[in-house]
Amino acid sequence: MATPHPPQPRLLDQLRQQIRALHYSRRTEQAYEYWVRSFVRYHGLRHPAELGHADVEAYLGWLAGERQAAPSTHKQALSALLFLYQKVLRLNLPWITEIGRPRTVRRLPVVLGGEELARLFAALDAACPPPGDAGADAGPAGPHALHAAHALLARLLYGTGMRLLEGLRLRVKDIDFERRAVVVRHGKGGKDRVVMLPAALEQPLREQLARSHALWAADRAQGIAGVELPYALERKVPRAALSWAWHWVFPQGACSTDPRSGTWRRHHLFEGTFQRSFKQAVERAGIAKPASPHTLRHSFATHLLQGGCDIRTVQELLGHVDVSTTMIYTHVLRLGGGGVRSPLDALGGSAWGGAA
């Protein structure tokens, strides 16, 4: 009898396997999976191998035209399709290089001033219910601990210039109080870097670590699996996931199932939870700017340059590969029109019909 061939993996399973084999980030995996799924649905569930140049162009045109996708979104969708055809389907198609690339538009970052930051942090603090309030759980997993973690995380992002996920993924071992340094592991592009630990956050961080330690101790007492570890470290050092050094600085209050391994364990704070809390604080603070957690990183860089910090130092702190990326903040430093005084101001009172 002939040995039956194993079933061919589904398209999305092949996509995930190839992305993980190349060590792309989980965010990239989620984005590419979304765009490939959208592409297949747009063409009536036809297999991409049956589609050609005109079909890809039609889909990208639909994104740019009917969906009004931004150039960055258009570019991400195109990257996902190129990965699908070149790395997954292994199709050497000459028309791939003929697909039009969207023109990247450079936008100035949104930056908050000192007074706006003070109002924002005050709004985050005001969201914390006092531990003694009736119905407010003062434990390490209660609402007071969650809001306190959000208020601290916002200050840490502004005080160090970290990206949101870099802050959420901090481990206990990454905080060095003696050197007043924070080690950012596996940042964008998989690179590590060291940033400063603001002296004003030393005591709040110690308090946050105390709450985190209480959750870690409870997990050990209940026999819950350890935290997620990068790459094959969990297999090489089996007990590392259970150690205090690898625990999250900002752990989630409740355990959940790991979407990849199916293991019941404790994860770091969810990105969406902090983003909602931040948006609400921006509204309460009366800030009329489209501010997001990433705005704190922009404000960090701009304020360092305003204070006279060397742009190369700011580049290293932000983890930029090219200094040209950091140069965008020099444009924010100038007043409107490059610091040139408007001729209307030179008219003085006569601008409104009064005497000059």
Side-chain angles (χ1 to χ4, degrees), residues 9-20 22 24-111 163-165 188-189 259 270-272 274-276 278-279 282-283 287-295 297-298 320-322 324-329 331-332 336:
R10 297 173 57 195
L11 179 66
L12 291 180
D13 291 334
Q14 296 178 50
L15 179 71
R16 296 187 195 101
Q17 291 173 4
Q18 189 61 28
I19 289 175
R20 295 175 188 180
L22 296 175
Y24 282 25
S25 69
R26 187 174 299 182
R27 283 307 182 83
T28 302
E29 177 182 330
Q30 293 170 345
Y32 281 16
E33 181 179 344
Y34 172 83
W35 290 119
V36 169
R37 193 190 301 271
S38 174
F39 176 65
V40 172
R41 287 177 175 173
Y42 176 81
H43 287 292
L45 302 183
R46 293 173 61 193
H47 197 280
E50 304 173 2
L51 304 175
H53 184 190
D55 301 304
V56 175
E57 289 280 15
Y59 173 72
L60 295 175
W62 172 75
L63 280 181
E66 294 190 27
R67 297 297 298 273
Q68 296 292 306
S72 58
T73 304
H74 188 166
K75 185 177 179 180
Q76 186 186 68
L78 175 58
S79 297
L81 297 182
L82 293 178
F83 185 91
L84 172 68
Y85 278 100
Q86 295 175 330
K87 303 295 185 181
V88 180
L89 300 179
R90 307 286 182 177
L91 296 177
N92 187 16
L93 303 174
W95 51 261
I96 284 183
T97 58
E98 301 174 5
I99 298 178
R101 267 63 173 173
R103 185 172 62 89
T104 303
V105 180
R106 205 86 182 265
R107 302 291 185 187
L108 289 178
V110 176
V111 174
R163 301 175 179 88
L164 175 54
L165 278 178
K188 191 172 183 178
F270 295 146
E271 182 182 14
F274 177 76
Q275 288 172 331
R276 286 192 296 271
F278 187 90
K279 182 179 179 181
V282 169
E283 294 175 353
I287 298 175
K289 292 180 180 179
S292 69
H294 205 71
T295 303
R297 176 175 165 88
H298 295 323
H320 289 163
V321 176
D322 195 332
S324 62
T325 308
T326 318
M327 288 291 291
I328 190 67
Y329 298 108
H331 298 287
V332 186

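- Using a distance-only test at 3.5 Å, with no hydrogens or angles considered, no donor-acceptor pair links the side chain of E29 to the main chain of R16.
- The nearest pair of heavy atoms linking P290 to T295 is O-OG1, 4.2 Å.
- Distance check, rounded to the nearest 0.5 Å: CZ of F278 to CG of L164 gives 9.5 Å.
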Open item on the list: With side-chain contact (heavy atoms from CB on, under 4.5 Å) as the criterion, how do R90 and Q18 come out once you've worked through the C-alpha distance, each side chain's angles and the decisive distance to 0.1 Å?
Closed with: CA-CA 11 Å; R90 307 286 182 177; Q18 189 61 28; 3.5 Å; yes
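- Within the model, atoms OH of Y32 and CD1 of I19 stand 7.5 Å from one another, a figure rounded to the nearest 0.5 Å.
- Scanning for side-chain hydrogen bond (donor to acceptor under 3.5 Å, both in side chains) contacts around S25 gives T28, with sequence neighbours left out.
- A donor-acceptor pair under 3.5 Å is absent between the side-chain atoms of H320 and the main chain of D322, judged by distance alone.
- For K289, the NZ atom sits in a packed shell: over 12 heavy atoms of surrounding residues, nucleotides or ligands are nearer than 6.0 Å.
- For the atom pair OH (Y34) and CD (Q76), the distance works out to 10.0 Å, reported to the nearest 0.5 Å.
- We find the CG-CZ distance between L45 and R37 to be 11.0 Å, quoted to the nearest 0.5 Å.
- Counting only heavy atoms from C-beta outward, the side chains of V36 and L12 approach each other to under 4.5 Å.
- You'll find the side chain of Q275 reaches within 4.5 Å of the side chain of P293, heavy atoms only.
- Minimum heavy-atom separation, P48 to Y85: O-OH, 2.8 Å.
- Taking the six-membered ring where the residue is Trp, H294 and H298 present perpendicular rings, their angle passing 60° and hence far from 30°.
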TODO: In sequence, state the C-alpha distance, the side-chain angles, and the governing distance for L81 and W35, and then conclude on side-chain contact (heavy atoms from CB on, under 4.5 Å).
DONE: CA-CA 8 Å; L81 297 182; W35 290 119; 5.6 Å; no
Throw together a table of side-chain donor-acceptor distances under 3.5 angstrom for residues 62-70, partners on residues two or more places apart or in other chains.
residue : atom : partner : partner atom : Å
W62     : NE1  : E66     : OE1          : 3.3
Q68     : NE2  : G65     : O            : 2.5

Check: residues 54-61 side-chain donor-acceptor pairs under 3.5 Å, at least two apart:
residue : atom : partner : partner atom : Å
D55     : OD2  : G52     : N            : 2.8
E57     : OE2  : H53     : NE2          : 3.2
Y59     : OH   : S38     : OG           : 2.8

TODO: Evaluate side-chain contact (heavy atoms from CB on, under 4.5 Å) for L89 paired with L11, printing each intermediate quantity in order.
DONE: CA-CA 9 Å; L89 300 179; L11 179 66; 3.9 Å; yes
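- Here CG of L51 is found 5.0 Å from CZ of R46. Values are rounded to the nearest 0.5 Å.
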